[in-house]
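Okay, structure first, notes after.
Position 1 is the first residue of the sequence, and the numbers go up from there.
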Amino acid sequence: MFFKNLPESEKNVFFSQDLHQFSSSLVAFKRNAVFIAISNSGKTKELITLATIAEKFDIPVIALTSKDKSPLAMASEIVLNSTSGDTFVMRTAATMSLMAQLYVVDILFYSYLSNNYNESIAGIQATRDIIKKPRRIKKESEII
């Protein structure tokens with residue numbers, strides 16, 4: 001959700017599932033950067049690797065995990081705990097933990113917006129205006 005919504009607030013956001021691409025971008029854009037890692041178990045190898053890289057370059061790491069003693073949590077400056085769903089009687093643990101993580105991400109996003117309202121609203125309004133404008137898709141015969 002962050003990588004989708006924060007650009008509207010005029011923040012540069014980078015998201016990639018490719019570890020090498022993300023690693024190089026993390027280092028290249030380290031100025032005023034923060035790395036937010038989301039892992040229910042806190043044991044996702046790629047995120048731990050990226051958190052270690054971020055730490056080497058003095059990039060703050062925020063972890064969202066249900067395991068506050070996990071390797072990811074230990075490599076992070078800030079740990080936001082979410083529920084794991086392990087204790088639920090019904091077999092909905094995965095769904096409940098995902099919903100909890102999405103809820104925390106939404107809270108972070110809206111907290112950021114409320115704390116940076118004036119700069120954020122301009123980006124959101126510009127995005128809305130672009131989406132509202134009707135777009136005409138050119139036919140193949142019109143493309144040169």
Side-chain angles (χ1 to χ4, degrees), residues 1-138 140 143:
M1 182 64 93
F2 264 9
F3 71 91
K4 180 180 169 253
N5 288 338
L6 277 179
E8 294 177 356
S9 67
E10 299 184 355
K11 289 293 177 192
N12 295 319
V13 178
F14 182 79
F15 172 80
S16 175
Q17 293 182 346
D18 182 287
L19 179 65
H20 294 100
Q21 183 181 26
F22 200 101
S23 299
S24 60
S25 296
L26 189 62
V27 173
F29 301 110
K30 64 185 175 193
R31 186 177 162 196
N32 297 320
V34 64
F35 175 58
I36 301 172
I38 302 172
S39 170
N40 187 50
S41 69
K43 296 179 182 177
T44 307
K45 292 177 191 175
E46 295 82 1
L47 292 179
I48 295 166
T49 299
L50 291 168
T52 303
I53 292 168
E55 184 179 40
K56 286 179 184 176
F57 288 93
D58 296 321
I59 298 170
V61 178
I62 300 172
L64 172 56
T65 181
S66 66
K67 310 292 182 194
D68 60 351
K69 302 291 183 208
S70 66
L72 180 61
M74 295 300 174
S76 304
E77 289 184 32
I78 298 172
V79 179
L80 303 173
N81 291 89
S82 63
T83 184
S84 68
D86 294 342
T87 59
F88 296 147
V89 176
M90 296 180 65
R91 297 186 53 96
T92 59
T95 302
M96 295 305 291
S97 60
L98 176 63
M99 295 303 292
Q101 287 178 342
L102 290 172
Y103 185 65
V104 172
V105 167
D106 281 348
I107 290 171
L108 286 174
F109 175 68
Y110 290 115
S111 294
Y112 174 84
L113 286 182
S114 66
N115 289 326
N116 301 279
Y117 181 79
N118 290 332
E119 66 184 51
S120 299
I121 196 69
I124 292 170
Q125 288 174 337
T127 302
R128 185 188 62 206
D129 292 344
I130 289 171
I131 291 171
K132 279 186 170 182
K133 288 183 181 178
R135 293 180 300 267
R136 182 173 168 261
I137 299 174
K138 293 182 179 182
E140 278 187 46
I143 301 173

Side chain to side chain, Ile62 and Val34, heavy atoms closer than 4.5 Å: yes
Rounded to the nearest 0.5 Å, what separation is found between the CG atom of Asp58 and the NZ atom of Lys30? 8.5 Å
Non-neighbouring partners of Ser70 that pass side-chain hydrogen bond (donor to acceptor under 3.5 Å, both in side chains), sequence neighbours left out: none
Could you list all the ring-ring contact (aromatic ring centres under 6.0 Å, His included) pairs where at least one residue sits in residues 26-78, not counting sequence neighbours? Phe22-Phe35
Heavy-atom pair of closest approach, residues Pro71 and Lys43: CD-CG, 4.1 Å
CG (Asn116) and OG (Ser111) are apart, to the nearest 0.5 Å, by 10.5 Å
Do Ser39 side-chain atoms and Thr65 backbone N/O form a donor-acceptor pair below 3.5 Å? no
Would you give me the side-chain donor-acceptor pairs under 3.5 Å for residues 47-55, sequence neighbours excluded?
unit_1, atom_1, unit_2, atom_2, d
Thr49, OG1, Lys45, O, 3.0
Thr52, OG1, Ile48, O, 2.9

Return the minimal non-hydrogen interatomic distance between Ser76 and Val79, and the atom names on each side. CB-CG2, 4.2 Å
Scanning both residues in full, the closest heavy-atom pair of Ile59 with Glu77 reads O-OE2, 4.5 Å
Spacing of CD1 belonging to Ile78 relative to CG belonging to Leu64, to within rounding of 0.5 Å: 12.0 Å
